[in-house]
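It should be emphasised that the depicted structure is a prediction, and the values quoted were computed from it without experimental measurement. Excluded from the calculations below are hydrogen atoms, water molecules and symmetry mates; all remaining heavy atoms, backbone and side chain alike, are included. As the structure lists them, so they are numbered: ligands from 1, and atoms in each ligand from 1.
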Amino acid sequence: MSRLVVVSNRVAPIQEGEATAGGLAAGVLDALKGHGGIWFGWSGNVTTESEPNPARQVGPITLFTIDLSRQDYDQFYRGFANGTLWPTLHYQIGLGTYDRAEFAGYKRVNELFARSVEKLIKPDDLIWAHDYHLLCFADSLRALGVKNRIGLFLHIPFPGPGVFMTIPCHAEVIRSMCQYDLLGFQTEQDQAAFLDYVIRHAGGTPLGDGAVSVFDRVVKTGVYPIGVHVEEVRAQAELAANRRVATRLRATLLDWLILSVDRLDYSKGLRQRFAAYERFLQDYPTWHNNVTFMQIAPPSRSDIETYQAIRRELEGEAGRINGRFAEVDWVPLRYLNKSFPRNVLMPLYAEAQACLVTPLRDGMNLVAKEYVAAQDPAEPGVLILSQFAGAANELQAALVVNPYDQEGLAAAMDQAFAMRLEERQERHAAMIKVMRENSLERWRDRFQADLLG
Ligand code: ADQ
């Protein structure tokens, strides 16, 4: 069995004995716990030190981190990764910016990662990189003569060539991506979009089964929808010790709770969701005094202007909507700019009769899966899910909506509250079945097997 070397922008702050973290971290940790291995990434610190930090051992996993300089952070992280790639890969081309110096900084940090990782690896190690921060990482490793199998899993969407080509250096990025042996995507749509670019615009020849011959090498692609630990989520949701906050919440509520949980990000469709809730309150007054919409959205990437703008706007909108509809004894919208630990969050999911997950685009969206997994199968709530979340491919038994359609979303909220128990149970059972099949274990095992093969 080859040793696994995981490389991601950040290394999760793991401690032995603590509850497992979300998505990426949980999957990676499982993979590393089994046979041991290395996890490498940025420490999250911006310093003037160029020395790597001391290695840290957590069980069989060795964690290696480096710091970034201010210039690296600005050009790589705030710049090309989150100012160019993130918006464009989420189809938000109007929000994308481009700067040649930032792309140079992005490549420089990918090279820095490669030089650091090269010192740690043995010839038969399997190298598994994650996400849009590392599109040029395999290219940098190859330049150092590394011959290992190297794979990348992209957690976010990959758009069609028409959108991707708005990034001025698109051809160079694609050429670099093709230095990976395996590129994993969340959905068939993302895989097809990538192959479309490579075949029609980079001279690639399809070899069948997702493989393509391009730039004098063979690149495999595959679809690996990321999942959650279904039983673990339900157990966390039910555990009495975890339920204190949920019980307090329930005591302050009227009958119906709609919950949303997101990082505060423009791709998550919060602005459109607030507008749809206002529409719901306007068009369905029978629910007045009986319903609460609770949006949990801790700020993220708050030193980037587009993120400051969405935060300002939502604060204004929350106040305005409450001002328009609230009564002395009823506040229709609760907006919380804070994060909750998972053991508190899972019982909150279980408390909500409906969950609104309405991103404008999302690679997968694990909140949708966690919400379903947290429900009591005898009395499940209803998931209202954007057709543009990767999760919609699997969770077809959700109420699938178009996040741009305010009236449609408002009607879905009404439908969710009015839905008979039997229908809720049927929809829930169908979603749990797919989620058990596409488990986190399966995601990890299939990717690793394909990278090895
Ligand atoms: P994210 O964009 O961060 O992830 P998502 O998958 O919804 O989005 O969430 C990841 C984890 O963060 C979940 O486990 C969730 O519980 C947790 N989380 C989110 N908001 C939270 C909050 N307000 N408080 C506490 N915890 C919160 C990226 C991609 C997704 C993809 C994942 C995994 O953008 O499309 O599903 O990676 O591949």
Side-chain angles (χ1 to χ4, degrees), residues 6 8-10 12-13 19-29 81-82 85-87 89-92 128-133 152-159 184-187 189-190 223-230 232-233 236-237 242 245 259-270 273 294-302 307 311 314 334-350 352 355-374 383 385-386 388-395 435 438 440 443-444 447:
V6 173
S8 58
N9 174 51
R10 292 290 301 275
T20 355
L24 183 161
V28 164
L29 276 174
N82 285 310
L85 289 175
W86 178 272
L89 270 61
H90 285 89
Y91 295 73
Q92 300 284 327
W128 185 1
H130 290 264
D131 230 0
Y132 61 101
H133 311 89
L152 176 84
F153 181 75
L154 187 65
H155 290 258
I156 70 174
F158 194 89
F185 299 93
Q186 299 269 28
T187 69
Q189 192 191 352
D190 301 314
V223 177
Y224 311 90
I226 195 166
V228 297
H229 285 306
V230 174
E232 195 179 296
V233 168
Q236 280 187 356
N242 289 347
V245 175
L259 181 67
S260 287
V261 176
D262 311 79
R263 279 185 307 99
L264 184 44
D265 192 300
Y266 50 81
S267 69
K268 301 289 184 185
L270 281 87
R273 191 183 303 157
M294 189 162 91
Q295 172 71 61
I296 298 177
S300 80
R301 304 174 194 164
S302 33
Y307 286 78
R311 182 171 183 181
L314 290 173
R334 295 192 197 179
Y335 178 42
L336 285 72
N337 270 160
K338 63 188 279 193
S339 175
F340 288 94
R342 287 178 70 76
N343 58 351
V344 175
L345 199 56
M346 302 305 135
L348 290 180
Y349 286 139
C355 185
L356 270 179
V357 181
T358 55
L360 306 180
R361 281 282 164 183
D362 218 328
M364 175 55 62
N365 196 298
L366 293 177
V367 170
K369 292 187 169 181
E370 289 165 354
Y371 175 75
V372 173
L383 174 65
L385 179 61
S386 163
F388 302 119
N393 289 289
E394 297 159 83
L395 306 183
M435 282 168 41
N438 286 345
L440 195 54
W443 169 76
R444 175 198 77 200
F447 187 92

What atoms of ligand 1 come closer than 4.0 angstrom to any heavy atom of K268?
1 (P), 2 (O), 7 (O), 8 (O)
Looking only at heavy atoms, the pair that brings V261 and Y349 closest together is CG2-CE2, 3.9 Å
Which atoms from ligand 1 have a heavy atom of F340 less than 4.0 Å away?
24 (N), 25 (C)
Taking only residues two or more places apart in sequence, or in another chain, which ones meet D262 in a salt bridge (charged side-chain N to carboxylate O under 4.0 Å, His left out)?
R273
With heavy atoms of G363 as the reference, note each atom of ligand 1 found under 4.0 Å away.
35 (O)
Determine whether the side chain, the backbone, both or neither of E370 has a heavy atom under 4.0 Å from any heavy atom of ligand 1.
side chain
Give the numbers and elements of all ligand 1 atoms closer than 4.0 Å to a heavy atom of S339.
24 (N), 25 (C)
Donor on one side chain, acceptor on other, N343 and Q236, under 3.5 Å
no
Under 3.5 Å side-chain donor-acceptor pair for N82 and Y307
no
One residue to check: I226. Relative to ligand 1, which of side chain, backbone, both or neither has a non-hydrogen atom less than 4.0 Å away?
side chain
Within the 4.0 Å heavy-atom cut-off, what K369 brings close to ligand 1 is neither
With sequence neighbours left out, what residues match D362 under salt bridge (charged side-chain N to carboxylate O under 4.0 Å, His left out)?
K268
Using a 4.0 Å cutoff against the non-hydrogen atoms of V367, which atoms of ligand 1 qualify?
7 (O), 15 (C)
Do ligand 1 and M346 have nitrogen or oxygen atoms that lie under 3.5 Å from each other?
no
Can the positive tip of R444 be found less than 6.0 Å from the middle of the six-membered ring of W128, inside 45° of the ring normal?
no
Checking the side chain of Q186 only, and the main-chain atoms of I226 only, is there a donor and an acceptor separated by less than 3.5 Å?
yes
Could you tell me which atoms of ligand 1, counted from 1 in the order shown, lie closer than 4.0 angstrom to a heavy atom of I296?
23 (N)
May I ask you to check whether V261 has an N/O atom sitting below 3.5 Å from an N/O atom of ligand 1?
no
Taking the six-membered ring where the residue is Trp, are the ring centres of F185 and Y224 under 6.0 Å apart?
no
Show which atoms of ligand 1 fall inside a sub-4.0 Å distance from at least one heavy-atom site of R342.
14 (O), 16 (O)
Judging by distance only, is a nitrogen or oxygen of K338 under 3.5 angstrom from one on ligand 1?
no
Check H155 against D131 and note the closest heavy-atom contact, atom names and distance.
N-OD1, 2.9 Å
Judged on heavy-atom distance to atom 31 (C) of ligand 1, which of R361, Q186, Q295, H90 sits nearest?
Q186
Proximal ligand 1 atoms for L345, defined as those under 4.0 Å from one of its heavy atoms:
16 (O), 25 (C), 26 (N)
Heteroatom proximity flag, W86 to ligand 1, N/O under 3.5 Å:
no
Given side chains that start at C-beta, do those of L336 and Q295 come closer than 4.5 Å, heavy atoms only?
no
